[in-house]
Amino acid sequence: MLDDGGPFGPRVRDDMTVEVALSLMAGARVDHLVLCDGDDQSTGLVTLARLAGVTGSPAYTDRIRLRDVIAGPLV
């Protein structure tokens, strides 16, 4: 799910994987995404810089979801 989000940026579901989010951000040429839960309520914001840091973590896998990123640091 992608919504242009108006002035705050694209809105996506927080169950999206980091890999898909990075691809989407590259295609949309944006540096952040507004995260929403299943009820379309905003749950946070994630930046390209934050996702780049996550992919460099030893704990990173291609199954990490955006909600995991905003929940706390990956160890």
Side-chain angles (χ1 to χ4, degrees):
M1 173 186 123
L2 170 65
D3 178 3
D4 73 4
F8 300 110
R11 295 169 55 92
V12 298
R13 297 270 307 259
D14 62 3
D15 63 350
M16 179 180 287
T17 65
V18 169
E19 292 293 320
V20 173
L22 287 169
S23 178
L24 186 146
M25 292 170 90
R29 297 184 179 159
V30 297
D31 65 356
H32 71 278
L33 298 171
V34 177
L35 305 181
C36 300
D37 62 17
D39 295 326
D40 202 32
Q41 299 297 310
S42 293
T43 59
L45 182 122
V46 68
T47 64
L48 181 58
R50 175 72 173 122
L51 295 182
V54 167
T55 60
S57 166
Y60 177 75
T61 72
D62 62 356
R63 294 183 180 190
I64 301 291
R65 306 271 175 195
L66 295 176
R67 71 170 69 110
D68 301 327
V69 172
I70 63 168
L74 297 177
V75 182

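Considering CG of Leu48 and CG of Leu22, their distance stands at 6.5 Å, rounded to 0.5 Å. How far CG of Leu24 is from CD of Glu19: 13.0 Å, rounded to the nearest 0.5 Å. Put simply, CG on Leu66 and CG on Leu35 are 5.5 Å apart, with the number rounded to the nearest 0.5 Å. Between atom CG of residue Leu33 and atom CZ of residue Arg13 there is a gap of 14.5 Å, rounded to the nearest 0.5 Å.
The minimum heavy-atom distance between Val46 and Met25, with the atom names listed, is O-CE, 4.3 Å. Closest of all the heavy-atom pairs between Arg65 and Asp14 is CB-O, 4.0 Å. Across all non-hydrogen atoms, the minimal contact from Val34 to Ser42 is CG1-OG, 3.8 Å.
Salt bridge Asp68/Arg63: absent, no basic N to carboxylate O contact under 4.0 Å.
Under a 3.5 Å cut-off, the side chain of Arg11 and the backbone N or O of Asp40 do form a donor-acceptor pair. A donor-acceptor pair is defined here as one N or O able to donate and one able to accept, closer than 3.5 Å; such a pair exists between the side chain of Asp37 and the backbone of Asp39.
Residues Arg67 and Asp15 form a side-chain contact, since some pair of their non-hydrogen atoms from C-beta on lies under 4.5 Å apart. Within the 4.5 Å cutoff, side-chain heavy atoms of Val69 are placed close to those of Ile64.
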